[in-house]
4 protein chains.
Amino acid sequence: MTATSSTRDRIVETARLLFWEHGYEATSLADVAEKSHARSGSLYHFFRTKEELLLAVLDRYVNLLWPIVIEPVFSRVTDPIERVFGILDGYRQGLVYTGCAHGCPIGNLALEVCDDLPRAREKIAKNFEGWRGWIRKCLDEAKDRFPANVNREQLAVFVLTVMEGAVMQARAHQNLEPYDASVAQLRDYINRLLAEGAQRSKSTIQ
Amino acid sequence: MTATSSTRDRIVETARLLFWEHGYEATSLADVAEKSHARSGSLYHFFRTKEELLLAVLDRYVNLLWPIVIEPVFSRVTDPIERVFGILDGYRQGLVYTGCAHGCPIGNLALEVCDDLPRAREKIAKNFEGWRGWIRKCLDEAKDRFPANVNREQLAVFVLTVMEGAVMQARAHQNLEPYDASVAQLRDYINRLLAEGAQRSKSTIQ
Amino acid sequence: MTATSSTRDRIVETARLLFWEHGYEATSLADVAEKSHARSGSLYHFFRTKEELLLAVLDRYVNLLWPIVIEPVFSRVTDPIERVFGILDGYRQGLVYTGCAHGCPIGNLALEVCDDLPRAREKIAKNFEGWRGWIRKCLDEAKDRFPANVNREQLAVFVLTVMEGAVMQARAHQNLEPYDASVAQLRDYINRLLAEGAQRSKSTIQ
Amino acid sequence: MTATSSTRDRIVETARLLFWEHGYEATSLADVAEKSHARSGSLYHFFRTKEELLLAVLDRYVNLLWPIVIEPVFSRVTDPIERVFGILDGYRQGLVYTGCAHGCPIGNLALEVCDDLPRAREKIAKNFEGWRGWIRKCLDEAKDRFPANVNREQLAVFVLTVMEGAVMQARAHQNLEPYDASVAQLRDYINRLLAEGAQRSKSTIQ
DNA sequence: TATGAATGAGTCTTCATTCAT
DNA sequence: CATGAATGAAGACTCATTCAT
């Protein structure tokens with residue numbers, strides 16, 4: 001398990017990065033093998049097809065969500081609303097880091113392979129559900145600060161929507177402005193919801 | 001000239017559809033040639049590389065924006081705010097039509113080729129600018145119904161952001177719900193802006 | 001004739017240079033057309049095949065021999081033996097000029113196409129005959145300075161042999177040394193012949 | 001390993017022959033694959049590019065020099081001067097064998113690829129060095145029979161020069177005469193050197 | 001378990017050439 | 001005369017995958 005799984009892990013990690021940088025189609029298994037220091041044939045011990053390697057990568061993303069994306073924010077920020085924007089800021093930092101190049105790996109794969117690889121599509125959906133779940137959790141924690149009729153599930157979807165759409169435009173323009181503009185609008189929207197929620201609380205208390 | 005340019009057009013249109021359905025990498029020029037009833041070598045009479053064909057496709061999208069996307073909505077709807085949601089509804093119909101399969105062709109290409117093909121990236125940005133321009137125009141027409149401090153340019157970016165992010169999730173879940181949820185949230189936000197704007201007008205009149 | 005033949009000349013001259021720089025096979029007619037500012041189809045008005053273009057180039061070399069190679073030397077040098085070495089020095093200058101890159105255009109084509117293009121081979125042979133003819137002429141003029149039994153025809157062949165073999169090694173080593181060494185040896189040989197010839201003259205006179 | 005390396009060897013040997021017969025550019029890898037009974041893709045298991053295959057061929061020529069070219073002459077001839085002319089005669093036999101068709105494989109490649117493939121150029125130079133080395137060795141062994149001031153390194157270069165230039169003309173004229181003429185001249189030159197060398201010995205002994 | 005040789009369909013692209021205008 | 005569209009075979013090379021060891 002040790003040596004083997006470390007080889008397997010190396011392959012998955014290499015594939016993850018290459019799929020992120022170049023996309024699924026544009027990444028060749030020869031590249032994966034070379035960059036992971038595995039032999040060409042060895043790849044097929046762990047993954048019977050390229051698609052199965054992709055599935056493993058998508059599973060990895062599910063597993064990385066908490067330790068890489070969520071936990072760092074949660075450990076730094078406690079306010080649930082700010083945690084949501086902390087997550088959005090984490091993606092912003094990713095854009096800064098890559099010079100607006102690679103964007104969101106899940107979003108990339110979503111648009112590239114959804115039609116053709118149904119099993120990958122399911123795992124992509126599961127990734128999105130993971131993200132949405134954490135955001136939903138934050139919103140639920142701030143439940144009392146929102147107006148009563150706010151649909152927090154829809155709002156969580158919306159946050160994810162904004163994040164992905166904003167990343168896309170930032171990449172297309174190679175510029176953070178569309179990202180910042182989108183997040184600013186989202187902030188304005190949520191502020192308005194919180195403002196109304198605050199009024200409700202006040203009147204309720206009174 | 002007619003026959004000639006029609007061959008070229010046929011190639012571009014075929015490539016447009018294939019890039020939309022399968023993406024840029026997954027589309028082979030052999031497919032493009034066959035489906036456009038051109039011989040393999042003829043392709044290179046018009047386009048020196050696959051990338052140049054992509055550029056022609058992206059130019060075509062710029063040209064199609066008004067007649068295919070905008071005009072049908074504008075001829076049906078007159079209220080500028082409703083025109084924005086009319087455009088969003090047009091994309092929804094596209095999702096219905098393809099069973100949430102292909103999504104936004106520009107968005108797809110944005111995430112797939114932005115990093116690797118700089119010239120394509122520029123044309124993708126130009127496409128986004130086209131969309132944003134029409135939305136901005138609608139928002140400007142409704143200028144007086146918004147609060148004074150609304151940043152309509154940011155808001156136009158935000159609309160596009162929502163559209164693209166919503167399409168992505170709809171595809172990933174093969175389900176319109178995330179799309180409808182996102183548009184509903186956007187509608188709520190804009191309603192709140194309009195409500196505040198209406199108050200401003202009232203007070204101004206007073 | 002004027003406009004037409006100038007187009008034709010441009011094509012031939014362009015092909016000549018490209019064949020010289022890259023060889024016959026590695027030169028594409030598309031390159032020739034582009035660099036000669038001729039349209040792709042136009043080429044076939046003047047030359048029915050690529051081979052015929054090569055034949056025209058080889059004819060051109062026959063025509064250029066006197067004005068470009070021989071005349072400049074003959075106008076500068078009068079001694080027939082020194083004219084031979086002047087021609088060799090002309091080729092040396094060509095090597096210097098191209099950094100030992102392209103070498104002798106006839107020699108290049110000789111080794112590349114002799115086997116496959118019989119008509120070209122004939123014209124290449126004719127080119128060599130032209131060179132050999134001028135060298136032979138020089139040697140004949142110096143007839144009395146050589147020993148009586150010198151075979152001047154063989155010696156002319158030998159001079160050409162040395163030139164071509166020396167150019168080849170200079171190119172392979174990207175270095176003039178093998179060229180200079182070969183010419184030095186040839187010079188030594190001819191000096192020895194002339195020394196013996198001088199003795200003969202002396203004894204004859206006596 | 002045996003079966004494996006034999007496949008590789010077969011490919012190299014096939015390429016060697018085809019490059020010799022048709023040149024580098026005019027040889028297609030499809031031909032190489034077919035004639036070596038390898039599948040098209042297999043070629044790239046061993047050689048990443050056509051150029052690398054050429055490099056392997058040139059390495060092979062280095063290895064073949066002794067067993068194919070030098071050893072047969074050395075085992076038949078003992079006099080060092082005659083060994084030099086034995087090598088030249090070996091090339092003559094090659095011309096006879098191919099009807100003055102293919103010539104010297106190294107010389108062919110030298111003129112065809114020197115400019116464009118720097119790594120090949122180096123190996124071609126190394127081949128020439130190999131040849132020159134053996135000739136030099138012969139001349140060194142006959143050191144005492146030459147005049148004291150003979151530059152044997154230059155003379156070795158000269159022998160190679162004559163061989164290559166003579167082969168070229170033989171091919172161009174499809175006739176052994178230029179070859180024989182050139183070798184005869186070289187023989188005459190060396191005879192004169194040896195004659196002078198013999199005189200020196202005589203006077204030295206005296 | 002792991003490997004690397006082997007595969008052959010497929011990639012984009014270039015080629016010399018033809019043909020209708 | 002001249003052109004540029006059209007051709008289709010062929011080019012080098014890559015692909016995901018298989019298989020014997």
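To find a chain, count down the sequence lines: A is the first, B the second, and so on, and within it residues start at 1.
- Across the helix from E/dA2-F/dT21 to E/dT21-F/dA2, the helix axis at one end is tilted relative to the axis at the other end by 10° (nearest 10 degrees, each axis from five pairs).
- By the 4.5 Å heavy-atom criterion applied to side chains, B/Leu54 and B/Leu109 are counted as neighbours.
- The nearest whole Å value for the distance from the NE2 atom in D/His22 to the P atom in F/dG11 is 12 Å.
- Residue pairs meeting the side-chain hydrogen bond (donor to acceptor under 3.5 Å, both in side chains) criterion with at least one partner in residues 117-128 of chain B, sequence neighbours excluded, are A/Gln174-B/Arg121, B/Asp59-B/Lys123.
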Under 3.5 Å, which donor-acceptor pairs do the side chains of residues 31-47 of chain A form with other protein atoms, sequence neighbours left out?
unit_1: A/Ser36; atom_1: OG; unit_2: A/Val32; atom_2: O; d: 2.6
unit_1: A/Ser36; atom_1: OG; unit_2: A/Ala33; atom_2: O; d: 3.3

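- For the pair B/Arg39 CZ and F/dT7 P, the computed distance is 5 Å after rounding to whole Å.
- Using a 4.5 Å heavy-atom threshold, the side chains of D/Arg8 and D/Ile11 count as separate.
- With sequence neighbours excluded, the residues forming a salt bridge (Lys or Arg N to Asp or Glu O under 4.0 Å) with B/Arg60 are B/Glu13, listed by chain and number.
- Rounded to whole Å, atom P of F/dA12 lies 15 Å from atom CD of D/Glu52.
- Residue pairs meeting the side-chain hydrogen bond (donor to acceptor under 3.5 Å, both in side chains) criterion with at least one member in residues 108-117 of chain C, sequence neighbours excluded, are C/Asn108-C/Arg171, C/Asp115-D/His102, C/Asp115-D/Arg171.
- Using a 4.5 Å cut-off on side-chain heavy atoms (C-beta onward), D/Phe19 and D/Pro105 make no contact.
- Taking 4.0 angstrom as the limit, D/Thr7 places a side-chain polar atom (N or O) nearer than this to OP1 or OP2 of E/dA6.
- One interatomic measurement links the two molecules: CG of D/Leu53 to C1' of F/dG11, which rounds to 15 Å at whole-angstrom precision.
- Between B/Val113 and B/Glu51 the shortest side-chain heavy-atom distance does not fall below 4.5 Å.
- Against DNA chain F, the stretch residues 115-123 of chain C makes no heavy-atom approach under 4.0 Å.
- Counting all heavy atoms, side chain and backbone alike, C/Ala172 lies closest to D/Ala125 at O-CB, 3.4 Å.
- Taking atom CD of residue B/Glu34 and atom C1' of nucleotide E/dT11, one finds them 16 Å apart after rounding to whole Å.
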> What is the per-nucleotide protein-contact pattern of nucleotides 13-21 of chain E, from the 5' end, where B denotes a base atom under 4.0 Å from a protein heavy atom, S denotes such proximity for sugar-phosphate atoms only, and - denotes neither?
Replying inline: BBSSBB---

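- For the side-chain hydrogen bond (donor to acceptor under 3.5 Å, both in side chains) condition, no pair includes a residue of residues 19-29 of chain D, sequence neighbours left out.
- The NE2-C1' distance, from D/His37 to E/dT7, rounds to 17 Å in whole Å.
- When all heavy atoms of B/Leu58 and B/Ala120 are compared, the pair lying nearest together is CD1-O, 3.6 Å.
- When the nucleotides E/dA2, E/dA6, F/dT3 are ranked by their closest atom to the side chain of C/Ser42, F/dT3 comes out on top.
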